Every structure is written in C-alpha cells, then in structure tokens.
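Notes follow the structure.
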Amino acid sequence: MVAVKKEGGPLRKRSLVWFRKGLRVHDNPALLEASQSAAEVYPVFVLDPSIDPTEDGVKIGANRAQFLLESLEDLDQSLKKLGSHLICIRGRPEDVLPPLMRELDINHLGFEFDTEPYWKAQGEKMAKEAENLGARVHCPATHTLYDPEHLMAKCMMDAPKSYGQFLKLVAKCGSPPAVASAPESLPQISKDVLGRKHSGVPTLRDLGYEPLPASERTPFPGGETEALRRLEDQFRDTRRIALFEKPKTSPTDFETPSTTVLSPYLKFGCLSSRVFYFKLKEAYRKNGKHADPPVSLLGQLYWREFFYLCGYAFPNFGKMEGNPICRQIPWDHSEGGKEKLRAWESAQTGYPFIDAAMTQLRQQGWLHHLARHAVACFLTRGDLWVSWEEGRKVFDKLLIDADWSLNNANWMWLSCSSFFYQYFRCYSPVAFGRKYDPSGKYIRNFVPALRKMPKQYIYEPWKAPLSVQEAAGCIVGVDYPMPVCDHAVASKENMSKMAAAYKKAKSESPPPKKKAKKAK
DNA sequence: CTGTGCGTTGTATTG
DNA sequence: TCAATACAACGCACA
C-alpha cells in the first residue's frame with residue numbers, strides 16, 4: 001500500500017483515470033491502483049468531436065460510434081456499481097483535460113499506454129501537463145499481452161518483420177503479466193464541479209448521427225459485460241476453442257459467424273487480451289490436444305500482438321510513403337481509380353460475392369477475416385489497382401473492430417505491400433466465395449437483387465442468358481451492375497504491374513545495410 | 001555471396 | 001471426391 005493520508009491535507013491523493021481504449025473494469029491496473037490508494041478518483045472519457053480520430057481525421061461510421069457509446073454506457077454502469085460513475089466530456093483531450101486537472105487539483109494521473117501515433121502523442125502531452133502540475137503519472141501498457149517497450153528491448157530494437165520471427169521473440173518472453181483484479185469499490189464523486197458541463201454518455205443523435213434502420217445496425221453490442229458474456233459463451237465448447245484453425249472457418253457463415261467475434265471487444269479493450277490469453281491456455285490444458293500458431297486461436301492473439309508491435313516500431317505505418325517496410329507501388333489515383341473505389345465502397349462492383357461482403361460490412365460493421373481478404377485483394381493488387389490506404393480508410397470507418405495497427409498491417413499484407421509478397425496468388429471474386437457457399441446463400445442475403453438468380457449464375461450473373469435474368473427478375477446492367485472489370489484480364493495485368501514495381505524498388509534501393517559499411 | 005526452405009487461409013486442371 | 005500439380009516465381013531467414 002502506498003503511504004497516503006486518507007483524510008485531507010496535502011498528501012490526499014486525487015486521481016484522474018483517463019480512459020481511451022481499455023473500456024473495462026477488469027484487468028485495469030491504472031484504475032485498480034487509483035482505487036487502492038486515492039481518496040478521490042475521477043474516471044474520465046474524453047469524447048473527441050471527430051470521435052476516435054485517426055490520422056485521416058475520418059469521421060467514424062454510425063455502427064462503430066454506437067459500439068463505442070454502448071461500451072461507455074456499460075463502463076458507466078460498472079463504475080456505478082463500484083460507487084462511482086464515468087465522467088464523459090466532449091472535446092479534444094489537450095483542450096479539456098489540463099483545465100479539468102487544475103480544477104480538481106489532481107495530483108495523480110493514470111491511463112493506459114497506447115502505441116498508436118495519435119494516442120501516443122496525446123498521452124505524452126497529457127503526461128507532461130500532469131507533471132507540470134506536480135502530479136504523478138501511472139501509464140501501464142495493458143492493451144497488449146506484452147509491453148511493447150519490453151518486446152523492443154528483447155529484440156534489441158530490431159523489430160521482427162515476419163510472424164515466424166515474432167514467435168521466436170515471444171518465446172523468449174515467458175508468460176504475459178498476470179491479470180489484475182477488479183477494484184472492490186471506488187470513492188464517490190462528490191465534487192459539484194462536474195455538474196452541467198460534464199454530462200453523461202451521449203446518444204448517437206447527440207453526436208450528429210441519424211439512427212440507423214434496424215437492418216443496418218450491427219448485431220454485436222458493445223461493452224465489457226457483453227465482452228465477458230461472449231467470452232464465456234465461446235469458451236463453453238472447450239474442444240472447439242482448442243482445435244480452432246482459422247483457415248477452416250468460413251467467410252460466408254453470416255447468421256452465426258464461424259469465428260469468435262471477440263475482435264471488437266479486444267479493440268476497445270472491453271476484453272483484456274491477457275484474460276483471453278489465460279483462458280485459452282486453460283482450455284488447451286483441459287482439452288489436451290490443441291492447434292498451434294499461426295492458425296490456432298492463440299495464434300490469432302499473437303498476430304494481433306505482432307501487428308501492434310510493428311505499428312509501434314515502424315514509422316509511417318499507416319501509409320505507403322515513408323514507410324520503411326512498405327513496397328512503393330504506383331496505385332491508380334486518377335478519376336477512374338476514384339470511380340472504382342466508389343463502386344467497391346458502395347457494393348456496386350458487379351461481382352456478387354464482393355458486393356455481398358461490402359454490404360455485410362456496412363450493415364454489420366463486421367466481416368469474416370477471409371471476406372476481408374477477398375475484398376481487399378479485389379480493391380488493390382487483384383482487380384481495381386486502388387491504393388490500400390483508401391481501403392483501409394473505409395474499413396476504419398465501418399468496422400466495429402477497426403484497429404489502426406491491425407488494419408494497416410492487413411491491408412499491406414493483402415495488397416502485397418508488406419509481410420506477404422506472393423502476388424501471383426490472387427483471390428478470384430467468383431471462385432473464392434463459391435468454394436464455401438456453392439448455392440450463394442450469403443449473396444442472396446446481402447444482395448437482394450440476386451435473390452432469385454439460379455445458383456449456377458449467382459457468382460457471375462452477367463453470364464446468365466437473358467431469359468434466365470428475366471425469370472430471376474434481375475437484368476444485369478439494370479437491376480444489378482455489370483462487372484466493373486474483367487477479373488481474368490485485370491488480375492493478369494496487375495501481376496505484371498506488381499512485378500515491375502518490385503523490380504523498380506529493388507533497382508532503386510539496394511537492400512539496406514544493417515550496420516555501417518566496413519572499411520575495406 | 002549464393003542457394004535453399006519456408007511462408008495462417010489461391011486457382012484451375014488433372015488423374 | 002480429393003490430392004497433386006502447374007501456374008510463374010515473391011521476400012526473408014538462415015546455412
């Protein structure tokens with residue numbers, strides 16, 4: 001226990017706990033520490049006007065905003081059960097927090113460390129502000145399994161560029177830190193300063209969103225309570241968890257997804273990755289037999305960890321230019337390219353599987369990993385030759401689990417810009433979906449125009465004879481778009497463009513020397 | 001410097 | 001039905 005006088009006086013500890021991610025009460029060392037040693041604790045969430053801003057400054061979609069608000073609402077409820085509540089302030093952290101810290105005479109600031117450039121900078125600014133006020137700062141790295149600084153030290157600042165290398169690094173690190181218990185109680189917030197101007201959690205409408213029609217609302221509610229419920233639910237089948245292999249799951253199962261859908265809860269920190277980790281280990285022990293990385297569930301957690309480390313270690317990770325691990329590729333930025341991007345984003349490519357996936361993305365804020373692969377490949381090196389950054393922005397806006405590090409990494413992966421380079425392995429917008437769902441149930445659900453199309457044409461309706469199109473009530477070119485490109489032609493062309501871009505990069509910048517050139 | 005093996009999740013064809 | 005293979009040939013790690 002920290003020796004702090006419990007009553008009044010200069011030693012009275014007044015703690016502000018700043019929530020960003022980590023929207024949970026369980027395994028939250030910053031909150032726990034405050035609860036154990038401070039006489040006053042102020043749990044604060046700062047809701048930026050642009051709402052969870054990224055470096056693009058893109059305003060997030062309504063489903064993602066709703067997931068965030070539900071998570072905040074749930075956090076507020078949990079804090080209330082502990083005797084406190086969430087103070088939700090509108091504004092930018094750098095504008096709002098320093099005056100609040102002064103007003104409350106804060107002498108302790110606690111918040112979770114964040115690796116993303118925007119939030120890392122915000123954290124540094126606030127730590128400085130707090131220190132200027134003479135406050136102590138507690139900033140534990142609790143979003144990932146390991147403290148990224150610890151991983152960087154272990155690899156001697158030479159971050160792994162492949163998953164295999166990352167696994168070797170993790171093998172040297174032992175078990176992640178133990179899970180912290182939830183606080184037993186929190187001091188009541190009595191100060192009146194938080195009255196009118198600091199209101200509770202706003203509604204979607206407060207934030208300027210029109211409420212979504214039911215058909216376009218994500219079926220996945222936000223919040224720690226739901227996260228823990230979902231975790232328990234998924235872990236009821238120990239065998240399934242232990243034997244889980246990602247490539248064996250299906251992108252077209254949309255009623256009950258074939259994966260766990262824990263990603264949005266991990267993204268916002270409604271679920272602690274460490275809780276998930278130890279729960280997995282327990283399931284593996286119980287079941288005996290289990291799958292292994294990279295395909296296992298633990299492997300998925302390690303992919304997250306790997307990409308978080310990459311986003312932390314490599315500069316300009318969110319863009320092509322100036323990104324040391326990203327291939328420089330002359331993507332189509334012309335008007336034509338923009339038109340193709342619009343077709344893709346609005347589910348009007350004329351490839352039913354792609355359009356179904358893009359519709360699911362919009363309606364549910366979630367897509368199976370392999371469906372993400374298919375649409376990402378299609379937009380970039382597969383068919384449309386549009387920059388991965390554009391696709392990343394759309395995912396960032398619409399996915400409830402949009403996660404800066406993972407999103408960038410996966411877009412680079414699929415566009416063969418980094419991590420993965422076998423550009424001759426290309427997803428077919430027709431064959432890939434058909435392999436999982438030959439009758440096209442997935443398409444029929446998300447692309448109503450094609451509901452009556454016979455299954456032999458549902459993946460390529462433009463090939464159906466006019467009489468068949470008429471009978472299905474769907475004339476291609478009228479009721480459903482013609483394909484935006486010819487996949488066979490476009491993918492072949494793009495492969496040679498990739499070859500040229502790689503070749504150019506090689507000739508222009510020879511492999512970087514690890515150490516300074518030795519004198520001969 | 002060079003060769004080899006490997007890489008979470010491709011496709012189309014063949015037997 | 002399924003497994004093997006050609007396709008055309010990537011970068012990275014390591015020996």
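All chains are named by letter (A, B, ...) in the order of the sequence lines, taking the proteins before the strands, and each is independently numbered beginning at 1. We use all heavy atoms of the structure for the numbers below, so side chains are in, but hydrogens, waters and symmetry mates are not. For clarity, every value in this text was computed on a predicted model and none was experimentally measured.
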* Asked: Are A/Glu460 and A/Lys463 close enough for a salt bridge, meaning some N to O gap below 4.0 Å?
  -> yes
* To do: Output yes when A/Asp437 and A/Arg434 qualify as a salt bridge under the 4.0 Å nitrogen-oxygen rule, no when they do not.
  => no
* Asked: Hey, which of A/Lys397, A/Lys338, A/Lys393 is the one that makes salt bridge (charged side-chain N to carboxylate O under 4.0 Å, His left out) with A/Glu345?
  -> A/Lys397
* C/dA8 and B/dT8, which share atom name P, separated by this distance in whole Å -> 25 Å
* Asked: Centres of the A/His368 and A/Phe254 rings: under 6.0 Å?
  -> no
* Which part of the nucleic acid, if any, lies within contact of A/Lys435, taking any heavy atom under 4.0 Å across all strands shown: a base, the sugar-phosphate backbone alone, or nothing? -> sugar-phosphate
* Between A/Arg342 and A/Glu390, does at least one N-O distance fall below 4.0 Å, as a salt bridge requires? -> no
* Is the distance between the ring centroids of A/Phe268 and A/Phe67 under 6.0 Å? -> yes
* Asked: Would you call the rings of A/Phe446 and A/Tyr442 parallel, tilted or perpendicular, where under 30° means parallel and over 60° means perpendicular?
  -> perpendicular
* Indicate the ring-plane relationship of A/Trp385 and A/Trp331, choosing parallel, tilted or perpendicular according to the 30° and 60° boundaries. => tilted
* Nearest-Å distance once atom P is located in both C/dA9 and B/dC6 -> 22 Å
* Asked: Would one find more than 12 heavy atoms of other residues, nucleotides or ligands at under 6.0 Å from atom CZ of A/Arg229?
  -> yes
* Using a 4.0 Å cut-off on protein heavy atoms (strictly under), produce a 5'-to-3' string for nucleotides 9-15 of chain C with B for base contact, S for backbone-only sugar-phosphate contact, and - for none. => SBSSSS-
* With Watson-Crick and G-U wobble geometry limited to distances under 3.5 Å, how should the secondary structure of DNA chain B be encoded in dot-bracket form, using | for bases paired to another strand and [ ] for crossing pairs? -> .||||||..||||||
* Structure fact -> Its 5'-most and 3'-most nucleotides having an atom under 4.0 Å from a non-hydrogen atom of chain A, DNA chain B is contacted over B/dG7 to B/dA12
* Asked: Would the number of heavy atoms belonging to other residues, nucleotides or ligands and lying under 6.0 Å from NZ of A/Lys441 be above 12?
  -> no
